[in-house]
Amino acid sequence: MRPTILVTGANGQVGFELVRLLRPHGDVIAADREKLDLAEPDAVVGAVRGARPALIVNAGAYTAVDRAESEVALAQAVNARAPGILAEEAKRLGALLIHYSTDYVFDGKRTTPYPEDAPTAPLNVYGATKLEGEQAIAATGGHALVLRTSWVYGLRGRNFLLTVRRLAAERDELAIVADQIGVPNWSRALAEATVRAIVAGLPALAERSGVYHLSATGQATWHEFAQAIVGDVARRRVVPITTAEYPTPARRPAFGVLDTERFETTFGFGLPEWREVLARCVTSPVDPIVA
Ligand SMILES: NC(=O)c1ccc[n+]([C@@H]2O[C@H](COP(=O)([O-])OP(=O)(O)OC[C@H]3O[C@@H](n4cnc5c(N)ncnc54)[C@H](OP(=O)(O)O)[C@@H]3O)[C@@H](O)[C@H]2O)c1
């Protein structure tokens with residue numbers, strides 16, 4: 001029998017890719033915000049009990065990092081309470097939950113990649129609510145994989161790649177922060193790795209429960225990432241600036257590179273270097289829904 005798979009945030013960068021990639025593996029219920037509002041606890045419970053999935057992939061999240069500073073309750077409801085409810089309901093059904101989290105659970109004071117068990121200390125509301133979500137999942141004691149990743153981009157949605165492309169078309173010069181270091185990750189590569197891990201991990205996937213860092217390798221500043229993007233589009237000057245010169249409501253970690261060894265040894269594969277992934281992304285056909 002084909003398993004039922006519930007995907008939340010089905011219209012998000014990662015969720016959209018997951019829905020397509022998971023279809024060959026089960027009956028996918030693609031729940032976007034209209035079908036399932038993660039801020040509504042009763043709706044979350046109802047969706048899981050109605051669908052009775054074997055697998056829940058929670059790709060929905062409140063990801064507006066700056067707005068979260070002033071919408072704390074909503075960010076908390078979506079990023080912390082909803083994952084806890086999903087985990088609780090998954091446990092009742094004997095289902096597995098796959099959930100995404102972020103490098104923003106860390107304070108960015110390290111200079112070498114963060115392992116999963118490094119102390120967490122989020123600098124902003126988004127990171128704090130995502131950490132609460134991880135903790136709510138762990139507290140249920142159910143079967144769950146929490147995949148922390150960073151700097152997600154793609155050819156649809158709202159993200160740095162599309163913003164830089166737009167700015168490059170409008171301006172001769174772009175000023176981009178050069179003192180924050182992280183790793184860009186294409187949404188499709190993350191979804192592909194998630195599905196591959198599910199398949200590689202069967203039949204004992206539930207026994208691999210825990211937190212994993214899933215990311216491309218290498219590292220970059222936002223400035224280097226922008227240069228790599230603009231290099232493909234047009235000749236534009238990309239000027240490095242400091243975080244202090246680009247004040248935002250939310251503080252961001254200066255360093256967010258994730259150590260991916262645990263994921264690689266557990267599932268037997270990892271993602272390539274971020275530039276290689278970016279090259280694949282920008283040469284992939286534009287999604288017909290967006291075009
Ligand atoms: N984006 C990043 O840079 C980044 C970095 C590290 C980790 N992550 C994590 O990776 C995962 C996937 O992120 P992503 O990049 O795919 O984010 P995304 O593109 O912003 O997608 C998130 C989806 O969640 C939906 N959502 C927001 N509030 C909701 C609600 N109340 N009820 C139901 N759905 C709701 C959004 O709907 P709308 O489209 O209607 O807003 C959106 O479709 C998330 O867990 C995120 O925290 C992301």
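Keep in mind it's a predicted model, so treat the numbers as computed, not measured. Atoms within a ligand are numbered from 1 in the order they appear, just like the ligands themselves. Count residues from 1 along the sequence.
- Ranking the protein heavy atoms by distance from atom 31 (N) of ligand 1 puts D37 OD1, 2.9 Å first.
- At a 4.0 Å heavy-atom cut-off, ligand 1 does not touch Y153 at all.
- Of the N and O atoms on the side chains of T248 and R252, at least one donor lies less than 3.5 Å from an acceptor on the other residue.
- Note on residues 128-141: pairs passing salt bridge (charged side-chain N to carboxylate O under 4.0 Å, His left out), not counting sequence neighbours, are E134-R148.
- Under the 3.5 Å distance criterion, the side-chain polar atoms of E224 are matched with a main-chain donor or acceptor of T221.
- When hydrogens are left out, the protein atom nearest atom 7 (C) of ligand 1 is S101 O, 3.3 Å; that is the closest non-hydrogen contact.
- Considering only heavy atoms from C-beta on, D107 stays 4.5 Å or farther from P253 through its side chain.
- Within the set S150, A43, A61, P83, the minimum heavy-atom distance to atom 22 (C) of ligand 1 is found for A61.
- Partners of F269 according to the ring pair (Phe, Tyr, Trp, His ring centres under 6.0 Å) rule, which considers only residues two or more places apart in sequence or in another chain, are F263.
- For atom 42 (C) of ligand 1, the closest non-hydrogen atom on the protein side is G12 CA, 3.8 Å.
- Residue-level proximity to ligand 1 for K130 is carried by the side chain, the only part with a heavy atom below 4.0 angstrom.
- By the 4.0 Å N-to-carboxylate-O rule, E88 lies too far from K91 to be salt-bridged with it.
- Contact annotation for A59 and ligand 1: only backbone heavy atoms (N, CA, C, O) come within less than 4.0 Å of the ligand.
- Among all non-hydrogen protein atoms, the one lying nearest atom 15 (O) of ligand 1 is Q13 NE2, 3.0 Å.
- Residues N124 and E69 bring no donor and acceptor atom of their side chains to less than 3.5 Å of each other.
- At a 4.0 Å heavy-atom cut-off, ligand 1 touches L36 through the backbone alone.
- With hydrogens left out, the protein atom closest to atom 47 (O) of ligand 1 is Y126 OH, 2.7 Å, a heavy atom.
- Scanning the protein for heavy atoms near atom 11 (C) of ligand 1, the closest one is Y100 CB, 3.5 Å.
- Between T63 and ligand 1, at least one N/O pair is under 3.5 Å apart.
- Contacts of V152 with ligand 1, taken as heavy-atom pairs under 4.0 Å, involve both backbone and side chain.
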